[in-house]
There are 2 protein chains.
Amino acid sequence: MSHLHSNTQINNINNMGIKDSNAFVIREHQFLFKMGDQLEGIYRVNSGSVKIFKTSESGNDQIIRFCMPGDLIGLDGLADGFSRSTVVTLETSNLTLIPFKSILNQDQSRDKNFDYPNFIHQLGVNFNHDIEYSMMLSQCADRRLAWFLINYSDGLKKRGQRANEFTVPMKRTDIALYLGMAVETLSRELATFCKRGLLKKYLRNIELLDIEEIRNIANGNEPQQQQEQKQQDIAA
Amino acid sequence: MSHLHSNTQINNINNMGIKDSNAFVIREHQFLFKMGDQLEGIYRVNSGSVKIFKTSESGNDQIIRFCMPGDLIGLDGLADGFSRSTVVTLETSNLTLIPFKSILNQDQSRDKNFDYPNFIHQLGVNFNHDIEYSMMLSQCADRRLAWFLINYSDGLKKRGQRANEFTVPMKRTDIALYLGMAVETLSRELATFCKRGLLKKYLRNIELLDIEEIRNIANGNEPQQQQEQKQQDIAA
DNA sequence: CGACTGGTTGATGACAGTCAACTGATGTGG
DNA sequence: CCACATCAGTTGACTGTCATCAACCAGTCG
């Protein structure tokens, strides 16, 4: 079984009313733009997937986000038109350019092709991801992995696809760079999840056998360690 | 020397054109809103400071962001009007409510009191913070601390304040929860920075003695360990 | 078939979390 | 104004998790 991806056309994703003339195809493992590039606008993923990452001065990469159909790319460019991140396609993808002028146009009512409320909604969704992702800073490896799996699965369900069995478009190294751990650690955690009967894996294909238990791990509600909820008084 | 804060009125912060009637004062250690609350809009910090945090199901807090004058609060509520995070003031603060209707109004040209381009700019700035913050996932304790110090210092400079000597409004526990480490680890790292002559501290007052060296640490360019920049081929 | 990339497993050491004790600062009531 | 309680911050000892280095296995491609 190969891990070629279906490039499924997603029909139930709001296309923000951008006319299709701005849509284009980009092949796998291509750069969309790099850190420091001046952007023409933001992009929306119609099909395929990309990874957004940032390279530190010391040359280490951190993957910030994987974008699936419906997701927006280049939001950090909203500050001044320059990107602080690099985007590479994971597979052949179809993207739509949403020019800054469509966004910044003071009188949106004139631009019928831009769905402004949905744009704002998407921004909120992105901030929510960032919050969830930030929570990982204090989480150990198994929770990070569990969170990734749940997050990925929930994303598929939202798009009307199978949520308990899927083929991920990224390699282990990418997932590890996303979760902030070594590839070896990720591999070991995956092996542990297998042994515990939580999932099955073959190459990039993953079948979640016990989603609720994985969700418990992600939420820190593991039954076996039974940590006593020490609610500290953070308000004070 | 007390660590009372000046509540400095910031004049060089763009107020987004929101009329002052929406401004209000909120005392220290008060909740602005909690996870799950329905919001009327987003808020802008005029003076003072707040912490934004999220509590996991297992009762652990993660501080997502500290907001200083000019910063926006409640952006995750843009998705559906409900907040996924809790906001508590660190000191007595002055905030301005920016109602969702001012933002979502299709025809911004009618609402002269809302500076839309600046709003978009601020969103980009927030995404940039989130990217920088995400980089911390794979960083060790000393880099996290260095990043925090540089980030805080740069923020002060941007507001026209002293960048090398300041008094932080948050306690050690807050900084530790923000950086995703134990308070003890933070304390030890601070001690190490002192011994290395990088900073002086007294209670919540911090004086940065060698900003460039701290910046080097944050960027992973520590001269003494001289890690060989193994540039891995992430694009492939 | 051989070379390469991607993925897994094992051994080891280092960094950081936890538990505990202690100090210093702040606040309260008598 | 002092005694006491409480909270914030620091330091020490120990342990566990995870990064690192290395070898190895599996799949893919020319």
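Every chain is numbered from 1, with letters handed out A, B, ... down the list of sequences. Keep in mind it's a predicted model, so treat the numbers as computed, not measured.
B:K171 places its NZ atom 12 Å from the C1' atom of D:dT6, with the value rounded to the nearest Å. Straight-line distance from the CZ atom of B:R143 to the P atom of C:dC15: 12 Å, rounded to whole Å. Atom-to-atom, CZ of A:R144 to C1' of D:dT17 comes out at 11 Å; the value is rounded to the nearest Å. Residue B:M181 contributes atom CE, which lies 15 Å from atom P of D:dG9 at whole-angstrom precision. Residue A:L145 contributes atom CG, which lies 16 Å from atom P of D:dT17 at whole-angstrom precision. In this structure, B:Q139 atom CD and C:dA16 atom C1' are separated by 15 Å, rounded to whole Å. At whole-Å resolution of the value, NE2 in A:H29 and C1' in D:dC29 are 14 Å apart. Atom CZ of B:R188 and atom P of C:dT18 are 12 Å apart (whole Å).
Dashed line: the shortest gap from a side-chain N or O of A:Y202 to OP1 or OP2 of D:dA26 is not under 4.0 Å. Contact annotation: B:K201 does not reach the phosphate of D:dG9 (side-chain N/O to OP1 or OP2, under 4.0 Å). A close approach under 4.0 Å does occur between a side-chain nitrogen or oxygen of B:S187 and OP1 or OP2 of D:dT10. Contact annotation: B:R204 reaches the phosphate of D:dG9 (side-chain N/O to OP1 or OP2, under 4.0 Å).
Where B:L186 and A:A141 meet DNA chain D, the nucleotide closest to each residue was compared, and B:L186 sits on the side nearer the 5' end.
Note on B:K54 versus A:E132: salt bridge recorded, some NZ/NE/NH1/NH2 to OD/OE distance being below 4.0 Å. Using a cutoff of 4.0 Å between basic side-chain nitrogens and carboxylate oxygens, B:K51 and B:D174 are scored as salt-bridged. With salt bridges taken as basic N to acidic carboxylate O contacts below 4.0 Å, one links A:R65 and A:D130.
In the set C:dT26, D:dT28, C:dA16, D:dT28 carries the atom at the smallest distance from any side-chain atom of A:L203. Among the nucleotides C:dC15, C:dA25, C:dT8, the one closest to any side-chain atom of B:C140 is C:dC15. Listed nucleotides: C:dG7, D:dC18, D:dG9. Nearest to the side chain of A:E189: D:dC18.
For B:Y133 and B:Y178, the distance between ring centers is under 6.0 angstrom.
In this model, a side-chain donor or acceptor of A:E184 finds a partner on the base of D:dC21 within 3.5 Å.
When only modelled atom types and interatomic distance are considered, B:N164 and B:R162 share no side-chain donor-acceptor pair under 3.5 Å.
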